[in-house]
Amino acid sequence: MPPSLPATLACLLTGLLAAPWALATTFNTSDIQRHGAWQSALLSLGEERHFRALEADSYSDAILSLNFTAGLCDLPWLEVRVDLDERQAADRAVNLVPADLRVDHETIHSGMAEFLTERGDSGFYAHFYLAQQALLMEEMRHGETLRLRFTLAEENHWFMTFALDGADRAIARAEGLCREAD
């Protein structure tokens, strides 16, 4: 590799990891590790600490992440970020739609996805509300593929698929870093 390419790739990776969590706030990203198709990292801003396991390989414009916050390690949240290529003018909840998630041929996890935009951010976020998120996380750690279905209208669905290769190691590391920070 040319000498400048590793530095360029590191800057791009830092932006990719920070932007999905940041919601228009720039967090410092450090301690990045690759785990197959997944990555894990520490995001910080002042005293605030977040730990992320993410999959950014399946789509060029979308990221699936499982996020842990120091002090609240038992309450991780799952989100998908899709880049809109345009900075948003306002914080707003766009919609709340039914969502189904399934790892391989395991449990169908039905819940809701809240679609959000944040002022100054070019992303569109889907935050999931699931009754059995702990079970989904366990299935993600041992599965091969996570499939998502958003029901936008009765016959209008939006599907996404994410690889789970490395999810177990990334999730374990992000959770472990969070617990160490506590």
Looking at [X] and [Y], would you say the former's side chain and the latter's main chain have a donor-acceptor pair under 3.5 Å?
X	Y	result
D83	D85	yes
D121	G123	yes
D104	E144	yes

Inset, instruction - Please check if any side-chain donor atom of Y125 sits under 3.5 Å from a side-chain acceptor atom of E118, or the reverse. - result: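 Distance-only check fails for Y125 and E118.
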
Any side-chain heavy-atom pair from [X] and [Y] closer than 4.5 angstrom?
X	Y	value
R169	S40	no
N28	L43	no
R81	S65	no
V94	L116	no
I63	V80	no
Y59	M160	yes
L136	T107	no
L148	T161	no

Is it true that [X] and [Y] fall in one hydrophobic cluster, defined by side-chain heavy atoms closer than 4.5 Å?
X	Y	answer
M137	L54	no
L84	L64	yes
W158	F162	yes
F51	F128	yes
M112	I108	no

Inset, instruction - Would you mind listing every ring pair (Phe, Tyr, Trp, His ring centres under 6.0 Å) that reaches into residues 96-115, with sequence neighbours excluded? - result: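 Qualifying pairs: F115-F124, F115-F150.
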
Separation between [atom1] of [X] and [atom2] of [Y], rounded to the nearest 0.5 Å:
X	Y	atom1	atom2	answer
E55	L66	CD	CG	13.0 Å
R141	L164	CZ	CG	12.0 Å
W38	I171	CH2	CD1	5.0 Å

Do you know which two heavy atoms are closest between [X] and [Y], and how far apart they sit?
X	Y	value
R173	A41	NH1-N, 4.1 Å
S58	A163	OG-N, 3.3 Å
S122	R87	N-NH1, 3.6 Å

Inset, instruction - Kindly state each residue pair satisfying salt bridge (charged side-chain N to carboxylate O under 4.0 Å, His left out) with at least one member in residues 148-159, sequence neighbours excluded. - result: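 Applying salt bridge (charged side-chain N to carboxylate O under 4.0 Å, His left out) to every pair that reaches into residues 148-159, excluding sequence neighbours, yields D100-R149.
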
Legend entry - Listed once per pair and sorted, the salt bridge (charged side-chain N to carboxylate O under 4.0 Å, His left out) pairs that draw on residues 129-140, sequence neighbours left out: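 Every pair satisfying salt bridge (charged side-chain N to carboxylate O under 4.0 Å, His left out) with a residue in residues 129-140: there are none.
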
Inset, instruction - Check side-chain hydrogen bond (donor to acceptor under 3.5 Å, both in side chains) between D57 and all other residues, then give those that pass, not counting sequence neighbours. - result: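 With neighbours one apart ignored, the set is R34.
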
Legend entry - Test applied, side chain to side chain donor-acceptor pair (under 3.5 Å); reference residue, H50; option that passes from N67, T69, T29: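 In the set N67, T69, T29, the residue that makes a side chain to side chain donor-acceptor pair (under 3.5 Å) with H50 is T69.
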
Legend entry - disulfide bond (SG atoms under 2.5 Å apart) contacts touching residues 57-140 (sequence neighbours left out):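 Qualifying pairs, neighbours excluded: C73-C178.
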
Inset, instruction - Please list all pairs passing the disulfide bond (SG atoms under 2.5 Å apart) test where one or both residues lie in residues 100-170, with sequence neighbours left out. - result: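 Output for this query is empty, none listed.
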
Inset, instruction - Please assess L135 against Q133 for the test side-chain contact (heavy atoms from CB on, under 4.5 Å), listing each intermediate value before the final yes or no. - result: CA-CA 5 Å; L135 176 59; Q133 183 169 300; over 6 Å; no

Inset, instruction - Please assess R52 against E79 for the test salt bridge (Lys or Arg N to Asp or Glu O under 4.0 Å), listing each intermediate value before the final yes or no. - result: CA-CA 11 Å; R52 170 175 280 165; E79 75 178 9; 3.7 Å; yes

Legend entry - From CA spacing to verdict: salt bridge (Lys or Arg N to Asp or Glu O under 4.0 Å), E106, R102: CA-CA 6 Å; E106 300 297 328; R102 188 175 195 185; over 6 Å; no

